[in-house]
Amino acid sequence: MANKNIRVRYAPSPTGHLHIGNARTAIFNYLFARHNKGKFIIRIEDTDTKRNVDDGEKSQLDNLKWLGLDWDEGPDKPGKFGPYRQSERRSIYDPLIQQLLDEDKAYYSYRTEEELTADREEQRARGVMPHYEYEYEGMTEEEIKQSMAESEAKGLKPVIRFRVPKNHTYDWDDIVKGHVEFNSDTIGGDFVIVKRDGMPTYNLAVIIDDHMMKISHVFRGDDHVANTPKQLMMYEAFGWDAPKFGHMSLITSAGTGKKLSKRDESIIQFIEQYRDRGYLPDAMFNFITLLGWSPKGEDEIFNKQQFIKMYDENRLSKSPANFDNKKLEWINNQYVKSADEDVVVDLALRQLIDKGNIEQNPDSKTVEWARKLIVTYKQQMSFMAQINSMASVFFNEPEEISGDALEEISNDTAPTVLKEFSSRIKNVAIFDKVEILKTIKSIQKDTKIKGRQLWMPIRIAVTHEMHGPELPESIELIGREKALKHIDETLKQINQ
RNA sequence: UGCCCGCUGGUCAAACUGGUUUAAGACGUCGCCCUCUCAAGGCGGAGUUAUGGGUUCGAGACCCAUGCGGGUGACCA
């Protein structure tokens, strides 16, 4: 059911990199827009000039693109409802603010931050919810004017507060949560809509922009529920219709059970970090979409097009979702396994170079070698950075054989196997896995030693490890020279 | 302390507006198979409707309490 009037937005503030939770908000808005053939808009909410970060906006957009999102309007793609940065929309806000003032729906407030803090402390001590107390309580219009004039005379700069209607119920049918209602007396008093620096606060700017940009649906985090009544009363004050709201459950941390906080170190928080570690964008998209939303069938691996096709906002979950890193790894592994070999090689090679396991600008021979190595691990890598630790045996000189491994080769047949293997591979023409496998088979035939007794000594001698990928491949990757050297050393070690 | 919301196994969750669900499926976990080993893969197992009341012929689904968890309470967004 295509609806041309559907317009949704993702509205990040450029205070840092793209966070998992924000990425999810963006994705759900995107999916909703694309499923309904509506528009997806990006708006930068940069009214807090102090917290803005220089490349915050760029980083947000870059990472959204990496995830595979595209938008119809945004700061880098002007449409007819621009500008798309709130800091550039002052000329739109100012007359509307004046209108509220003129209609006495908002007023200047001179209460200083110190006074407010003191009020709040006193309220807390009394056991009441901290709230703003009307500073002109009980005053006549004359007295109010006089009070303001006095404040001005003292050089105080005012903020503008919205006059919250008394004992009024604000409610809406939330797409996710169902019917929600608040009594206006419980929201903390008249709130600030324009800061001392003249910038509108989030709550004001967001409703003006959503209205002006003809936003039809707002999908945002559960943490915005408490803002919604404030926004509804402003829509009412302007005489505008509010969009439909859907408040999505938050992502929680398995460790703390609380909403993902940027300080929680048990979970990687930013999309960029996953990108750096060699996660695949489609896998991230897939995983994030399954956080708080579920498809109809039993499958869980889908590409973007499939998600768009089957997206249904009614299947958004009411309850918070734990971020499960294990599942992310599993999903990413599914994508790595089925990904194009060149893509995997490219990404994993970068990891190897970054880590210094392969030199910068490797020659073609090294790249060929790396390709074989990477392909060997393609089936089991959850994310590309793992190649460094998984394949460390191919980069580092191994430690001396000990423990179980030593025990494994402390028997009568091991030296025979090793000597045979060593002398035979010295002479094979092409040192590759096919020839190596043939060699091992030939030893089996000639010595009648087989199975673990045959394979383990070779594996341990060559790699010093009891585990690893297919042995012939491993030996090929280690190379003839190193393999022979390791066998030699091992023979010496077990002879003494 | 106020207000708002949530609660199906260790985790994500399905079960559309109450009726073959002996509560899907996935991750994880455990066992087996494959196998020189690890991983991947295949097969299988264990494990859940927070508690107490009600409504109903019938409740995971509806109502009420209790408990637990979360969100919010900014001149942040």
Side-chain angles (χ1 to χ4, degrees), chain A residues 11-13 15 22 45-48 50-51 86 109 111-113 116-117 120 123-124 126-132 157-161 174 176-178 180-183 185-189 191-197 199 201-203 205-206 220-229 247 249-250 252 254 257-259 287 290-301 312 314-315 317-331 333 337 376-381 390 405 408 440 450-460 463 465-471 474:
Chain A
S13 53
T15 52
N22 293 134
E45 310 217 317
D46 54 354
T47 51
D48 187 357
K50 295 179 289 293
R51 292 206 319 159
Q86 291 187 326
S109 163
R111 210 98 174 104
T112 64
E113 302 210 40
L116 291 171
T117 313
R120 277 193 274 266
Q123 287 157 352
R124 221 182 293 272
R126 256 194 299 149
V128 232
M129 170 187 65
H131 61 281
Y132 165 77
K157 280 240 174 276
V159 298
I160 298 174
R161 285 180 186 272
D174 196 279
V176 180
K177 308 178 100 65
V180 183
E181 60 178 54
F182 282 83
N183 182 292
D185 293 348
T186 67
I187 62 146
F191 52 92
V192 174
I193 55 173
V194 178
K195 303 184 230 183
R196 210 178 303 286
D197 63 5
M199 273 290 186
T201 57
Y202 159 77
N203 275 313
V206 83
R220 54 175 25 163
D222 206 351
D223 48 346
H224 281 292
V225 170
N227 285 323
T228 308
H247 289 92
S249 60
L250 299 173
T252 53
K258 294 184 196 295
K259 87 167 170 174
F287 174 71
L290 259 23
L291 231 38
W293 185 84
S294 61
K296 211 157 171 84
E298 294 181 353
D299 295 337
E300 305 212 318
I301 304 293
D312 176 358
N314 294 312
R315 298 183 69 83
S317 168
K318 282 180 203 283
S319 45
N322 250 303
F323 186 97
D324 183 358
N325 201 48
K326 283 272 190 297
K327 185 140 187 177
L328 202 211
E329 292 194 356
W330 177 79
I331 288 182
N333 173 254
K337 280 192 293 196
T376 300
Y377 284 98
K378 187 169 177 252
Q379 289 299 107
Q380 53 189 288
M381 272 189 291
M390 280 180 168
E408 182 80 30
I440 296 174
K450 58 177 184 179
R452 197 176 174 107
Q453 299 241 291
L454 168 66
W455 293 77
M456 260 307 164
I458 301 175
R459 173 177 292 285
I460 292 168
T463 69
E465 296 281 344
M466 292 178 76
H467 313 303
E470 298 284 317
L471 190 52
S474 298

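Convention: sequence-line order gives letters A, B, ...; per-chain numbering from 1.
- Across Ser109(A) and Arg161(A), no two heavy atoms sit closer than the pair OG-NE, 3.1 Å.
- Contact annotation for Lys296(A): no contact, since no heavy-atom pair falls under 4.0 Å across all strands.
- Rounded to a whole angstrom, the distance from the C1' atom of U21(B) to that of C36(B) is 46 Å.
- If you check every strand for non-hydrogen atoms under 4.0 Å, Gly292(A) touches sugar and phosphate atoms only.
- A distance of about 11 Å separates the P atoms of U49(B) and U8(B), rounded to the whole Å.
- Remark: Lys50(A) is not in phosphate contact with A77(B), judged by side-chain N or O atoms under 4.0 Å from OP1 or OP2.
- Nearer the 5' end of RNA chain B, as judged by each residue's closest nucleotide, is the contact made by Leu291(A), out of Glu298(A) and Leu291(A).
- Phosphate contact (OP1/OP2 of C76(B), side-chain N/O of Ser13(A), threshold under 4.0 Å): absent.
- Nucleotides A23(B) and G47(B), compared at atom P, are 11 Å apart to the nearest Å.
- Shortest non-hydrogen contact noted between Ser249(A) and Ser317(A) is OG-O, 3.4 Å.
- The phosphate of U11(B) has neither OP1 nor OP2 within less than 4.0 Å of any side-chain N or O from Lys327(A).
- Put simply, Lys195(A) has a side-chain N or O that comes within less than 4.0 Å of OP1 or OP2 on C76(B).
- The separation between Leu250(A) atom CG and C4(B) atom P is 18 Å, rounded to whole Å.
- Separation of the P atoms belonging to A46(B) and G10(B) is 15 Å when rounded to the nearest angstrom.
- Remark: the backbone N or O of Lys337(A) is paired with a side-chain donor or acceptor of Lys378(A) at under 3.5 angstrom.
- The distance from atom NZ of Lys318(A) to atom P of G71(B) is 19 Å, rounded to the nearest whole Å.
- Judged by distance alone with a 3.5 Å cut-off, no donor-acceptor contact links the side chain of Lys337(A) to the base of A40(B).
- Computed from coordinates, the Ile301(A) CD1 to C12(B) P distance equals 18 Å when rounded to whole Å.
- Regarding Met466(A), its CE atom lies at a distance of 19 Å from the P atom of U35(B), rounded to whole Å.
- Remark: Arg459(A) is not in phosphate contact with C38(B), judged by side-chain N or O atoms under 4.0 Å from OP1 or OP2.
- One can place NE2 of His247(A) at 15 Å from C1' of G6(B), the figure rounded to the nearest angstrom.
- Side-chain nitrogen and oxygen atoms of Ser294(A) include at least one within less than 4.0 Å of the OP1 or OP2 phosphate oxygen of A14(B).
- Using modelled atom types, one side-chain atom of Asp174(A) and one backbone atom of His247(A) make a donor-acceptor pair closer than 3.5 Å.
- Take the nearest nucleotide of RNA chain B for Lys258(A) and for Ala254(A): the residue whose nucleotide is more 5' is Ala254(A).
- Put simply, the side chain of Asp46(A) never gets that close to the backbone of Ser13(A): no donor and acceptor are under 3.5 Å apart.
- Between Arg120(A) and the phosphate of G2(B), there is no side-chain N or O to OP1/OP2 separation shorter than 4.0 Å.
- Across A26(B) and G71(B), the matching P atoms stand 32 Å from one another, rounded to whole Å.
- If you check distances only, the side chain of Gln379(A) never reaches the base of G41(B) with a donor-acceptor pair under 3.5 Å.
- Summarising the geometry of Val194(A) relative to Val192(A), their closest heavy-atom pair is O-CG1, 3.3 Å, with the distance given to 0.1 Å.
- Atom CZ in Phe323(A) sits roughly 13 Å away from atom P in A13(B) (whole-Å rounding).
- Residue-to-nucleotide contacts include no donor-acceptor pair under 3.5 Å from the side chain of Asn203(A) to the base of A77(B).
- Within 4.0 Å (heavy atoms only), Thr47(A) reaches sugar-phosphate atoms of the nucleic acid but no base atom.
- In this structure, the side chain of Arg124(A) does not engage the main chain of Pro130(A) through any donor-acceptor pair within 3.5 Å.
- Minimum heavy-atom separation, Thr47(A) to Lys195(A): O-NZ, 3.1 Å.
- Asn314(A) and Asp312(A) are linked by a side-chain donor-acceptor pair at a separation below 3.5 angstrom, with hydrogens and angles left out of the test.
- In plain terms, the two heavy atoms of Ala254(A) and Phe323(A) that are nearest each other are CB-O, 4.2 Å.
- Stacking of the aromatic ring of Trp455(A) onto the base of C36(B) is found: the ring centres lie under 5.5 Å apart and the planes are inclined by under 30°.
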Strictly under 3.5 Å: I want the nitrogen or oxygen pairs between protein and nucleotides 46-48 of chain B, one per line.
none

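- Of the C1' atoms belonging to C57(B) and A65(B), the separation is 26 Å, rounded to the nearest Å.
- Within the 4.0 angstrom heavy-atom criterion, no nucleotide atom of any strand lies near Ile187(A).
- Residue contacts for Glu181(A): at a heavy-atom cut-off of 4.0 Å it reaches the sugar-phosphate backbone alone, with no base atom in range.
- Listed here is the closest heavy atom pair of Arg315(A) and Lys296(A): NH2-CA, 3.6 Å.
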Q: Output, in order, the C-alpha distance, side-chain angles, deciding distance and verdict of side-chain contact (heavy atoms from CB on, under 4.5 Å) for Ile193(A) and Asn203(A).
A: CA-CA 7 Å; Ile193(A) 55 173; Asn203(A) 275 313; 5.8 Å; no
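- Nucleic acid contact for Val192(A): sugar-phosphate only, since backbone atoms but no base atoms lie under 4.0 Å from a heavy atom of the residue.
- Looking at heavy-atom distances under 4.0 Å, Asn183(A) makes no contact with the nucleic acid at all.
- In terms of phosphate contacts, Lys177(A) brings no side-chain nitrogen or oxygen within less than 4.0 Å of OP1 or OP2 of G71(B).
- Nucleic acid contact class of Gly468(A) (heavy atoms, under 4.0 Å, all strands): base.
- Straight-line distance between the P atoms of C16(B) and U22(B): roughly 14 Å, to the nearest whole Å.
- Within 4.0 Å of Arg51(A), counting heavy atoms only, lies at least one base atom of the nucleic acid.
- Paired with Tyr202(A) under the rule side-chain hydrogen bond (donor to acceptor under 3.5 Å, both in side chains), one option of Glu45(A), Gln86(A), His224(A) passes, and it is His224(A).
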(Q) salt bridge (charged side-chain N to carboxylate O under 4.0 Å, His left out) for Asp324(A) and Lys327(A)? Distances and angles first, verdict last. (A) CA-CA 6 Å; Asp324(A) 183 358; Lys327(A) 185 140 187 177; over 6 Å; no
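- Contact annotation for Arg315(A): backbone-only contact, meaning every heavy-atom pair under 4.0 Å involves sugar-phosphate atoms and none involves a base.
- Base contact: Leu471(A) has a heavy atom under 4.0 Å from a base atom.
- Base engagement by Glu113(A) is indicated by at least one non-hydrogen atom pair under 4.0 Å involving a base atom.
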**Q.** Pairing pattern in dot-bracket form [Watson-Crick, G-U; both distances under 3.5 Å; | = partner strand] for RNA chain B
**A.** .((((((..(((......[.....))).(((((.......)))))....(((((..]....))))))))))).....
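- Taking atom P in both C5(B) and U66(B), one finds a spacing of 16 Å when rounded to whole Å.
- Regarding Phe191(A), its CZ atom lies at a distance of 15 Å from the C1' atom of C76(B), rounded to whole Å.
- Distance CG (Asn333(A)) to C1' (A40(B)): 7 Å, rounded to an integer number of Å.
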